[in-house]
Structures are given as structure tokens and as C-alpha cells.
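Lettering follows sequence order; numbering is per chain, from 1. The structure presented is a predicted model; accordingly, all values stated were derived computationally and were not measured.
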Amino acid sequence: MELHLTLIFNGLATGMLIFLLAAGLSLIFGLMSVLNFAHGALFMFGAYMGTWVYILIGGWNSPWGNLNFFVGMIAAALIGVVLGYLVERFTVRQVYGNHLRQILITTGVMLVVAELVKVFWGPNLIRVVQPEFLQGHFLVGDVRLTYYRVFIILFSTMILILLLFMLKKSKIGVVVRAGVENSQMVQALGINIRKVFTLVFIFGTMLACIGGYMWGPFQGQVNPGMGLDLMLIAFIVVAIGGLGSVAGSAIAAVLVGLSEAYMAYYFPPGSLAVNMLIMAAVLLIKPTGLLGAGR
Amino acid sequence: MKTTTKVTAYTNPSSGLNPLRIITWQKGAWIVCCLMLFAVPLLITKNSYLFLLTNIFIWSVFAMSYNLLLGFTGIISFGHAMFFGIGAYSLALTARHVPGGEVGFILAILATVVICFVLSLIVGLLSLRLRDTFYALITLAVATIFVIIAEQWRSMTMGNDGFNFTASLSRDLFGFINLLDRRHVYYIALIFLIGMFLLLKRFIDSPVGRTLQAIRDNEARAASLGYAVLNYKLISNILAGVMAGLAGVVYAISIRFVSPDSVLGVENTIDVLLMTVIGGVGTLLGPIIGAAVVEVSSHYLMGLANIHPIFERWVILFGVVFILIILFFPAGIVGTIKQKFLSKKKGVSS
Amino acid sequence: MLKIKDLHTHIEQFHILQGVNLEVPDNSVTVVLGRNGAGKTTTIRSVMGFYPNMSGEILFQGKSIAKLPPYTVAKQGIGYVPEDQDIFAGLTVEENMRVAMRREDDTTLERQEWLLDLFPDLREAWKRKGGHLSGGQKQMLSIARALVNETPLLLVDEPSKGLAPIMVEKVMEAMNVIRETTTILLVEQNFIMASQLGDYFYMIDEGRTVFQGEMQLLKDDEVLRKKYLGIA
């Protein structure tokens with residue numbers, strides 16, 4: 001029983017981190033029908049940038065370690081905003097409406113961004129540790145809960161709630177949901193959908209960069225391979241959850257996180273295959289994904 | 001209207017013959033090109049150049065097969081390297097485990113054709129019905145699973161390290177081919193390239209090939225005209241898969257070593273994607289030019305890494321070139337030259 | 001209010017509109033008639049700016065709006081009710097209205113109240129999702145949504161299509177109120193509705209304006225109706 005509770009706890013933490021990566025991907029895909037192959041590389045760039053700042057200003061060992069951690073997070077978010085704007089403005093925007101060229105151009109961006117990481121920070125992994133107040137663990141019954149994972153779960157859940165609230169209540173949120181369904185009609189109602197695209201792209205990239213940054217202390221390191229590995233998982237999550245559905249992404253991310261946790265315990269090499277099977281099963285029953293709008 | 005054309009044809013007979021002359025001129029150029037390539041090993045004895053050219057030929061075939069999907073069918077795969085890798089591993093494994101050169105060699109080709117055929121059929125059936133973006137995603141996932149298998153099945157594949165099988169390559173395949181002689185391998189690759197090029201040309205000009213291009217240009221219209229769109233896409237998917245597999249077989253002969261990274265990983269798919277786009281999507285010659293450009297420049301850029309470590313990051317250059325080509329020259333090198341040439345001719349005639 | 005001169009529109013390789021000329025006088029209801037495939041919907045969509053490769057002149061209140069993107073056209077004060085209503089199915093009635101609101105100020109909210117008085121069905125379904133509305137409710141929502149901002153000109157594409165007769169009546173009643181403050185360009189196959197609402201008509205056939213005049217003319221001329229509409 002403790003084993004299962006531990007695995008479920010780990011799965012939740014992994015899942016909620018994946019959610020940060022998948023939420024932006026899902027919104028971008030749902031709203032602009034752009035499958036953003038650069039998303040994983042942007043996630044990685046955010047991870048490196050944040051980690052670099054975190055370490056540069058003293059890291060986890062300085063007396064300001066706790067504060068440093070959040071400064072790193074802000075740096076990751078900022079670089080996400082900048083990269084999101086640049087990528088949307090100079091590449092993705094040029095090829096709206098052409099799926100093939102969108103996939104191609106974001107693949108090109110992926111190559112460049114992933115290589116830039118190696119140019120700036122070298123091809124080797126960088127070790128990174130969580131700040132002091134998130135080190136260690138506590139026990140609930142016999143289940144060991146590490147503080148950092150609890151933090152991940154709380155933080156990501158907060159982001160999820162914030163996102164859902166924005167989509168439900170704010171004007172821009174309502175417009176985004178309308179745009180996911182029918183962007184042409186949104187335009188005919190007097191809204192410049194291109195501006196909305198840019199905003200959503202920036203926001204999605206920012207979330208991914210924050211997620212990437214938090215992934216570092218979770219794994220104890222950042223490395224140049226993390227982008228591609230996690231992007232594939234994020235794609236699967238988006239497909240399972242339904243394109244453009246934030247809530248669907250959250251459910252799917254937890255599902256995939258749980259399967260990752262269990263597979264990591266029982267048969268690590270099989271985890272991708274199991275995720276694929278989950279995706280195949282969901283898409284067979286409901287081709288639009290768990291909460292996807294039919295289109 | 002009819003009479004005017006007749007008159008011009010009569011007064012200026014050379015203009016009527018012109019197209020014919022162009023065709024023969026082109027054919028002549030092709031034959032000269034091929035002969036020159038056949039003569040190369042007689043002139044160049046340095047193995048490293050032969051090796052480079054051989055690999056260009058092989059990657060050309062791999063890129064041509066990719067172009068069949070991207071350029072002539074309008075679908076984008078991120079898992080094409082799995083077929084290439086299956087071919088390479090087939091040859092490597094049979095070379096190591098099956099005694100008797102010919103038997104192993106034929107077995108490798110048979111296994112490649114059968115596995116690639118079945119795999120491309122299954123992947124195609126599963127994903128071609130979905131929207132195009134899902135095809136990219138599913139091929140990426142399936143290919144990644146193959147990488148994981150190759151990494152994990154250590155008893156068979158030696159895992160991540162891969163293995164070298166130079167010692168098990170036959171020195172007298174069918175009595176006259178020495179797989180350890182760079183010149184022999186060069187000729188194998190060249191003949192393979194010419195054969196595949198002619199096959200692909202045939203296919204593209206065939207009714208099936210033309211229908212495929214019609215589907216690429218407007219799928220809804222082709223479907224409404226009664227074409228079974230899925231079947232045509234499946235045919236192209238299978239042909240591309242088998243072609244890539246065979247290219248993998250020849251590649252393994254050339255590099256005498258296989259590992260997940262070198263033949264199976266997604267990096268290989270991205271390489272052919274670069275070659276195809278740089279050379280010219282949807283042109284027959286494009287992938288060959290693209291393969292040459294990418295192979296030669298990466299060869300020399302890698303050499304420059306001794307001068308400054310920034311050259312280790314040569315992929316960044318390709319990435320930037322790739323983005324610029326997609327933004328400004330979506331037809332690639334060959335396509336852009338073709339367009340220039342055609343518009344010039346139009347300008348003269350009008 | 002709206003003037004269209006020699007409008008040509010290509011969709012892919014097809015030359016759909018081959019010279020449409022049309023004028024919508026202020027404070028009128030102008031009806032565009034014609035067979036299926038004649039180019040009525042394409043005309044309206046061209047005005048909205050959905051075909052950037054069109055040619056010809058489109059003047060709205062004297063200013064050219066040709067080739068402007070759809071959102072700019074809408075912002076000039078042109079409301080658009082598409083053929084299939086294009087309600088956002090996952091959004092509630094309230095949210096559908098909110099997407100359209102340019103400002104959420106008192107004037108706009110007052111207009112919304114006025115529209116809800118006009119379509120009481122919408123007030124009832126206020127919190128219901130667009131996808132769960134009946135055909136008639138969708139049509140009402142689509143019209144209300146197009147009118148929530150200050151809208152001098154309303155483009156309506158086949159509002160009676162697929163509606164039960166009772167609903168057609170309700171929509172028609174509402175349109176009779178709307179016309180007092182808004183100029184309307186209406187595409188309609190239902191001749192009863194067209195003839196009761198319309199002041200003027202334009203007949204479009206094979207992408208061209210072939211005939212025009214006051215509605216009374218068409219009401220009186222059975223031969224003409226037969227020729228272009230196939231109805232007596």
C-alpha cells in the first residue's frame with residue numbers, strides 16, 4: 001500500500017510538471033492549429049536560463065538560497081516571454097494556415113534553440129539542487145513525501161486554477177476559447193485574432209520555461225536532451241486531453257505522470273510504449289481526446 | 001487560332017523541334033554525369049573522398065524516399081529513420097550471425113523489405129486517417145520506441161554502444177564483390193542511387209504518382225473526384241519506407257558500424273528533412289543536391305572544430321539556413337532554380 | 001450605406017463572382033436573391049473581407065473597405081450573421097455575447113438588454129451552452145451577437161434556413177424592429193420573408209447582378225420570379 005501511495009504521489013508530481021509543458025502546447029495547438037515542435041527546445045532553454053541565473057546569484061548554498069530559487073524562476077519566465085515573442089513574430093506568424101510549413105519551421109527553431117543551449121552552456125549536464133526550504137521530506141503514515149514534490153504539486157495546481165479562472169472569467173479567456181472553436185468567426189466579430197495568437201504563444205512559452213526550470217531540481221540536473229524527451233510526452237498528453245483544452249491537458253498529464261511513475265518502478269524502458277497505448281486507447285474511443293471540442 | 005500556330009510552325013521549323021532537342025540534350029547531360037561518377041574511383045584513390053561520395057549517394061536515396069512523403073504526398077514524418085535503422089541493423093545482424101556471405105546478405109535485404117513493408121503499412125493505417133499533425137507525432141513516437149528497443153535489447157544490439165562488424169563483411173560476395181574495398185562499395189552505392197532514382201522517376205510520372213500529387217495539392221477535391229485518398233497515401237508511405245530501409249542496408253555496408261544514434265535516432269530523420277528542404281521539396285533532383293550540400297558542409301565544418309569549438313555547433317548554421325529557406329525559398333535550391341529558369345523562358349516567349 | 005462596384009472574387013481556381021454591383025440605401029432592407037450557388041453568400045463574405053484576393057470597390061458610408069481584414073471591417077460597424085450562425089458551441093449565451101462586445105460599458109450593456117427584450121428566448125437560455133440551443137435560439141443569438149455594438153449595417157445570411165415556421169416568424173418580427181435603427185442587407189431564399197421585409201431587391205445569377213428594383217416590382221411579376229427563383 002505504501003508503495004502505491006508513494007508511486008501515486010510521484011506520479012502526481014511528474015504529471016503536474018508535464019502539465020506546465022503541455023498546457024501551452026495545447027492552447028497553441030487548439031487556437032492556431034500549430035503543432036509547435038520548438039516547444040520542447042524552448043522548455044529546455046527556460047530551464048537552462050533559470051538555472052544559470054539561480055546559480056549565478058549564489059545558488060542554493062547562499063544565505064539567500066530560497067530567494068535565489070524564485071529569482072531563477074522569474075528569469076525563466078522572462079526569457080519565456082522574450083523567446084515566445086521572437087519565435088511567434090519572426091517564424092510562426094509567417095506561415096499561419098499552412099500546417100506543413102508550420103511543422104517545418106518550428107522544427108528549424110527547435111534545432112537552433114537546442115544548439116544555442118549548447119553554445120551558451122556547453123553540451124554537458126548542469127547539476128542543480130532545490131533551495132533549502134524545499135529540501136528533505138516528511139512522513140504521512142509510512143509514505144515519504146519530499147517537500148519539493150509537494151511544492152511542484154501545489155504550484156502547478158495553482159497555475160492550473162489560475163488558468164482555468166482566466167479562461168472562464170476574463171475577456172481574453174473567453175475570446176481564446178471562442179477562437180479555439182472558430183477563429184474566423186471571432187475575427188468577424190471585430191477581434192484581431194493575430195494579436196490573440198501572439199499573446200497565447202508568449203504565454204504558453206512562458207509556462208513551458210517555468211516548467212523547465214522546475215524540472216531541474218526535480219531531476220537534480222538540466223541537460224541538452226531533456227527538451228526532445230519531454231516534448232514527445234507533452235504531445236501525447238495534448239492528444240489525450242484534447243486540443244485546446246486546459247482541463248483535459250491537466251487530467252491527461254496526471255494520467256501520463258502516473259503511468260510514468262509506475263513504469264519507472266516496474267519496467268522503465270516500457271514507459272513510452274504504455275503512454276502510446278493510453279493515447280491509442282483514448283483516441284480510439286474519442287478521437288478528439290478526453291475534453292476536446294469536436295472539430 | 002489554329003491557323004496561326006500552323007503558320008509559325010511552318011515558317012520557323014526549329015522552334016517546333018526545340019523541345020525535342022532539349023530532351024536529348026538533357027539525356028546526354030545525364031549520361032555524361034553518370035559516366036563521370038563511374039570514372040571517379042579510377043581518378044580519386046583517397047579513401048576518405050570515396051567514403052564521402054558513397055555516403056552522399058546513400059543519403060540521397062534516403063532523402064529521396066523522404067521527399068516522396070514530404071514533397072510528393074504532402075505528409076511530414078518524424079520517424080523515417082526507423083526504416084533506415086531497420087535496414088542497417090538487418091545487415092549488421094545478419095553479417096554477424098549468419099555465416100556464408102550471400103545467404104546473410106540476401107536475408108538482410110529480404111528482412112528489410114518485409115519488415116519495412118509491414119511496419120509502414122501498419123503505421124500508415126493507424127495514422128494517415130488522422131490530421132496531418134498527428135502523423136508527425138505518431139511517427140515520432142513509434143520511431144522513439146524502436147530506439148528504446150535497440151538501446152535495451154543489449155544481447156542482440158549491444159545497446160547504446162552499438163557494434164562494429166567489419167570483420168564479418170564478405171570479401172567475395174557472389175564471387176566478385178569485396179565489401180571491404182571502398183571502390184566496390186562506391187559502385188554499389190552509385191548503382192543503387194541510379195536505380196532508385198529511375199524507379200522514383202517512373203513512379204512519380206505514373207498515374208499513381210500523378211494522383212498522389214493531386215491529393216497533395218487538394219485532398220478534398222481528389223477525394224470528391226472519387227479517389228481513395230488513403231490507399232494512395234499508403235502506397236507512397238510503403239514505397240518510402242522500403243526505400244529508406246534499403247538505403248539503410250547500403251549505409252551499414254559503408255560505415256560498418258551500427259548504433260541507435262548513428263542510424264535509428266530522430267537526428268537522422270532531421271538530417272534527411274534538412275537535405276530535402278534545402279535541396280528542394282517536391283523535385284526529383286533536390287534531395288540529391290541537398291544530401292551533397294549537407295554532407296559536404298558538415299564534413300568540412302566538423303573539421304573546422306579544431307580551429308574553434310564554435311564549429312562543433314554547426315547544426316545551428318543548418319537550422320538558420322533551413323528556417324530562411326522555408327520563409328523565403330520554400331522550393332529549395334533546385335526548385336528555386338527551376339522557377340527562375342521557367343519564368344525566364346516565359347518572359348522571353350511573351 | 002453600402003455600395004459594391006464590379007466585385008470579382010476567386011475561390012481557388014473558380015471565378016465565383018464575376019461583377020456584382022449592389023447598393024444598399026440608408027435605413028432600408030435590401031434583399032439579395034438568387035438560386036443556390038449564384039454567389040449570394042460569397043458576396044456577403046467578400047464584404048466582410050474573407051477573400052483578400054478579390055477585386056472591385058466596396059464603399060461603406062463613403063469609405064472604401066475593400067481588402068480590409070475581417071476584424072477591421074467589423075469594427076467599422078458592420079454586423080455579420082453567417083449562414084450557419086457559427087455560434088461558439090462551448091460558450092454560454094452570455095459568453096457568446098461577451099466575445100462580440102467591444103467595450104463592456106453601460107451603453108453596450110443597455111444595448112444587450114434591448115436585444116434580450118427583443119429575443120426573450122435568449123434571456124431564458126442565458127447560462128446555457130451555445131451547442132445546446134435550438135436552431136431558432138442559435139439564429140437569435142447570432143443576430144443579437146452581431147448587434148451588441150453600435151451597428152449601422154447588418155449583413156444577414158439566410159436567417160430562415162432550417163428553422164421551424166414559428167421561429168421564422170419570431171425572427172421576422174425581431175428584424176422588423178431592428179430595421180428601425182439599422183440598415184440591413186439580407187440574403188434570403190424564403191420569398192415570403194424576403195418580400196415582407198425587403199424594400200429593394202437584387203437578383204444575382206452566375207456571379208453577376210442581373211436584375212434589381214423595388215420589392216413591389218418582384219411581388220407583382222410572376223414571370224420574373226419563375227425565371228430566376230423557380231417559384232410562382
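- Scanning residues 188-210 of chain A against chain C with a 4.5 Å heavy-atom cutoff picks out A:Ala188, A:Leu189, A:Gly190, A:Ile191, A:Asn192, ordered by number.
- Contacts between C:Leu155 and chain A at a heavy-atom distance below 4.5 Å are absent for every atom of the residue.
- Taking C:Arg145, C:Met48, C:Arg102 one by one and counting their heavy-atom pairs under 4.5 Å with chain A, the maximum is reached by C:Arg145.
- Applying the side-chain contact (heavy atoms from CB on, under 4.5 Å) rule to C:Pro52 yields no partners; only residues at least two apart in sequence or on another chain are considered.
- In this structure, C:Asp26 places its CG atom where more than 12 heavy-atom neighbours from other residues, nucleotides or ligands lie under 6.0 Å away.
- Within the structure, every pair that satisfies the side-chain hydrogen bond (donor to acceptor under 3.5 Å, both in side chains) test and touches residues 164-174 of chain A, not counting sequence neighbours, is listed here: A:Lys168-C:Glu95.
- Taking every heavy atom of both residues into account, A:Met185 and C:Tyr80 meet most closely at CE-O, 3.9 Å.
- Taking C:Leu68 as the reference, C:Ile65, C:Thr72, C:Val73, C:Gln76 meet the side-chain contact (heavy atoms from CB on, under 4.5 Å) condition, with sequence neighbours excluded.
- Here the straight-line distance linking atom CD of A:Gln184 with atom CG of C:Asp86 works out to 8.0 Å at 0.5 Å rounding.
- Smallest separation of non-hydrogen atoms from A:Gln187 and C:Ala74: O-CB, 4.3 Å.
- Summarising the geometry of C:Phe88 relative to A:Val186, their closest heavy-atom pair is CZ-CG2, 3.6 Å, with the distance given to 0.1 Å.
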